[in-house]
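Quick notes on the structure that follows.
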Amino acid sequence: MEASTLSPDQRLEFITRNLQETLGEDKLKGLLQEGKDVNIYWGTATTGKPHVAYFVPMSKIADFLRAGCKVTILFADLHAYLDNMKAPWDLLAKRAEYYEHIIKAMLESIGVPLEKLNFVKGTDFQLSKEYTLDMYRLSSVATEHDAKKAGAEVVKQVSHPLLSGLLYPGLQALDEEYLKVDCQFGGVDQRKIFTFAEKCLPALGYAKRIHLMNPMVPGLTGTKMSSSEEDSKIDLLDDAGALKRKLKKAFCEPGNIENNGLLSFVKFVLFPLFGEKEFLIERPEQFGGNVSYKDFETLEQAFAKQEVHPGDLKGAVQRELNILLDPIRTKFQSPELKKLTNSAYPPPPSKKKTPGGKGASKGGAAPQNDELVPSRLDMRIGKVVAVEKHPDADTLFIEKIDVGEENPRTIVSGIANFVSLEEMQDRIVVVLCNLKPQKMRGVVSQGMLMCASTDEPKNVEPLDAPEGSAPGDRVFIEGYESGKADEELKPKKKVFEQLQADFKTSEDRVAMWKDSPFMTKLGLCKAPTLKNATVR
């Protein structure tokens, strides 16, 4: 159906379907009723390698185009540089070029005509005199508190943040004005940046924009799909064999429709692209034969009733993903794009082996003792067998925690203002066990109780373990199951402090290191209520 034949209500349906929230929907309706073109932009920082989760915003961009909107895609290379300077400028230039090629290939694979899109790099306009002066003007109306709060869910939160992280929300706000758009589109994790823009742009004399927010779609593990962890995401250039292997490992519990990354992909990518096409589940006659679904709700209900087996769902998603990925794989077989891929994301250097001598292991490889990886942390499930208030500190509890050793450990925790003694007694918790023992108001603490915490409002709560967990069960970061923990973390090396800077809870309350969840053999570790909180 051509956009010119759609009514304002039909255009609105295409623009807003599957969104979690729209800020300024009345203004959007007004633009559509007046028959005006709606200009929308979506930005992506050119850091990690794009993966199949990028089909979620691409599918939504296809909806915008169906509604007759004009769409700008911003390759935010300056934002990427400010994001704790993960990559030097020359590498970022290659990555911006890679992003442009891979995203265009994705859009072509879902049938989006590229001539209807505008592609822009951040440095094409963000280094201009006018933009720079506006950044200075914005800094005179926005407080440090506002900027830090705005970036809380997308900028790494540390106790002493770099100024670059505080600039990030201001840049994103100004982009709306300099790209001359009516709307900005992003994930709901961007909401605080969007409300920051709504507050600051009018203070500079610029119009408040409309904000369109996608839900945060879980990845293969039931948490956010990670660019940094190989088996938690499907690369757009993965071959069919790698795709099958990764989908086989995907979290897909029979009947469980919560945090099911496969069902979410079907809902937010496949069904919007299908149009009149039905979603086909192929299975042998002995298991009921093939079955098709016209809409996602019917499929979801069937899965919840266990009428669709996880293996059959994985097979159907695998088939449809291969259809989407095949044109991208073919395009990137060209020598030029192969060279670009290797330049933008060079393979890690191979580890040299030491034939023998000091520091050599049995296999001959020198141990990587200084590598900053979460497997160096000895985290375990513990059970609080006794708890009392510290006699000399009202804010501290003294707990006896069984962590699977001969005797319980004594742990001192600053949670007395937030959790009662009754709530702590017999509680199953997560404990960091290889910190150097330390006196806390005269009592030696032999570890740390891992908690989620927020500053506004101030709240602290111990992490919950998966149901059925037992004292001594190992807690690991997904993807780092096989590493060996340090016997004791040396305070001078600040291993825990550096790793903890990336500890947080997700929108689903899952404890995370970067984009990888805290897990045991039984499942995910979560905060009871706190979302997007610090974990420490």
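Heavy-atom basis, side chains included; hydrogens, waters and symmetry copies ignored.
For the pair Glu198/His211, a side-chain contact is recorded, criterion being any heavy-atom separation below 4.5 Å from C-beta on. For the pair Val403/Ile381, no side-chain contact is recorded, criterion being any heavy-atom separation below 4.5 Å from C-beta on. No side-chain heavy atom of Lys248 sits less than 4.5 Å from a side-chain heavy atom of Leu243. Residues Ser445 and Ile411 are in side-chain contact: their nearest non-hydrogen atoms beyond the backbone lie under 4.5 Å apart. Phe55 is listed as a side-chain neighbour of Leu324, based on a closest heavy-atom distance under 4.5 Å. At least one side-chain heavy atom of Leu262 sits less than 4.5 Å from a side-chain heavy atom of Leu247. In this structure, the side chains of Thr534 and Thr454 stay at 4.5 Å or more apart for every pair of heavy atoms. Counting heavy atoms from C-beta outward, Phe268 and Pro215 have side chains that approach closer than 4.5 Å.
Across all their heavy atoms, Glu478 and Met519 have their closest contact at CB-SD, 3.7 Å. Phe251 approaches Glu258 most closely through the heavy-atom pair CE2-O, 4.3 Å. Taking every heavy atom of both residues into account, Thr46 and Phe75 meet most closely at CG2-CB, 4.0 Å. Closest approach of Phe279 to Ala316, counting heavy atoms only: CZ-CB, 3.5 Å. What you find for Arg427 and Pro528 is that their closest heavy atoms are NH2-CG, 3.7 Å. Residues Pro272 and Arg17 come closest through the heavy atom pair O-NH2, 3.3 Å.
Taking OG from Ser375 and CD1 from Ile477, the interatomic distance works out to 9.5 Å, rounded to the nearest 0.5 Å. Going from atom CG of Asp486 over to atom NZ of Lys493 covers 8.0 Å, rounded to the nearest 0.5 Å. Of the inter-residue distances, the one linking Leu19 atom CG with Leu212 atom CG reads 6.0 Å to the nearest 0.5 angstrom. Atom-to-atom distance recorded for Tyr293:OH and Gln301:CD is 10.5 Å, nearest 0.5 angstrom. In this structure, CD in Gln184 is found 4.0 Å from CZ in Phe194, a value given to the nearest 0.5 Å. The NZ atom of Lys244 sits 14.0 Å away from atom CD1 of Ile234, with the distance rounded to the nearest 0.5 Å.
Counting heavy atoms of neighbouring residues, nucleotides and ligands inside a 6.0 Å radius, atom NZ of Lys484 does not exceed 12 of them. Within 6.0 Å of the CG atom in Asp394, the count of heavy atoms belonging to other residues, nucleotides or ligands does not exceed 12. Atom NZ of Lys314 has more than 12 neighbouring heavy atoms from other residues, nucleotides or ligands inside a 6.0 Å radius. Taking a 6.0 Å sphere around CZ of Arg441, one finds it holds 12 or fewer heavy atoms contributed by other residues, nucleotides or ligands.
Checked against the 6.0 Å centroid threshold, Trp89 and Tyr81 count as a close aromatic pair. Under the 6.0 Å cut-off for aromatic ring centres, His390 and Phe397 do not qualify, their centroids lying 6.0 Å or more apart. For Phe518 and Phe503, the gap between ring centers is short of 6.0 Å.
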Notebook entry, point to check: Would Arg191 and Glu507 count as a salt bridge (Lys or Arg N to Asp or Glu O under 4.0 Å) if you check the C-alpha gap in whole Å, the side-chain angles of each, and the deciding distance to 0.1 Å?
Noted result: CA-CA 12 Å; Arg191 192 183 196 280; Glu507 186 69 22; over 6 Å; no
Note to self: Assess the residue pair Lys400 and Thr410 against the criterion (side chain to side chain donor-acceptor pair (under 3.5 Å)); give the C-alpha distance rounded to whole Å, side-chain angles, the decisive distance to 0.1 Å, and a yes or no.
What the structure shows: CA-CA 5 Å; Lys400 294 289 185 180; Thr410 299; 2.7 Å; yes
Margin query: The test is side-chain contact (heavy atoms from CB on, under 4.5 Å); show your working for Lys383 and Ile401 and say whether it passes.
Written below: CA-CA 5 Å; Lys383 181 178 180 180; Ile401 302 182; 5.8 Å; no
Checklist line | Steps toward side chain to side chain donor-acceptor pair (under 3.5 Å) verdict (Glu487, Asn434) | finding: CA-CA 6 Å; Glu487 192 72 28; Asn434 60 340; over 6 Å; no
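Put simply, the side chain of Glu300 never gets that close to the backbone of Thr298: no donor and acceptor are under 3.5 Å apart. Distance alone, capped at 3.5 Å, places no donor-acceptor pair between the Glu320 side chain and the Leu270 backbone. The backbone N or O of Glu423 lies less than 3.5 Å from a partner atom in the side chain of Ser420, making a donor-acceptor pair. Judged purely by atom type and a 3.5 angstrom limit, Arg380 has no side-chain atom pairing as donor or acceptor with the backbone of Gly472. Panel note: side chain Thr47, backbone Ala80; no donor-acceptor pair is recorded below 3.5 Å. In this structure a side-chain-to-backbone donor-acceptor pair under 3.5 Å is present from Asn260 to Leu263. When atom types are taken as modelled, the side chain of Arg95 and the backbone of Ala344 share a donor-acceptor pair closer than 3.5 angstrom. No donor-acceptor pair closer than 3.5 Å links the side chain of Arg376 to the backbone N or O of Ala485. A distance-only check finds a donor-acceptor pair linking the side chain of Asp238 to the backbone of Asp235 [under 3.5 Å]. Distance alone, capped at 3.5 Å, places no donor-acceptor pair between the Ser413 side chain and the Ile415 backbone.
Arg474 pairs by the salt bridge (charged side-chain N to carboxylate O under 4.0 Å, His left out) definition with nothing, not counting sequence neighbours. Among residues two or more places apart in sequence or in another chain, the side chain to side chain contact (heavy atoms under 4.5 Å, CB included) test is passed with Pro491 by Lys436.
Salt bridge Lys149/Glu456: absent, no basic N to carboxylate O contact under 4.0 Å. Salt-bridge annotation for Lys148 and Glu144: absent, with no side-chain N of the basic residue lying under 4.0 Å from a carboxylate O of the acidic one.
Listed by first then second residue, pairs satisfying side chain to side chain donor-acceptor pair (under 3.5 Å) with a partner in residues 460-473 read Glu461-Thr529, not counting sequence neighbours.
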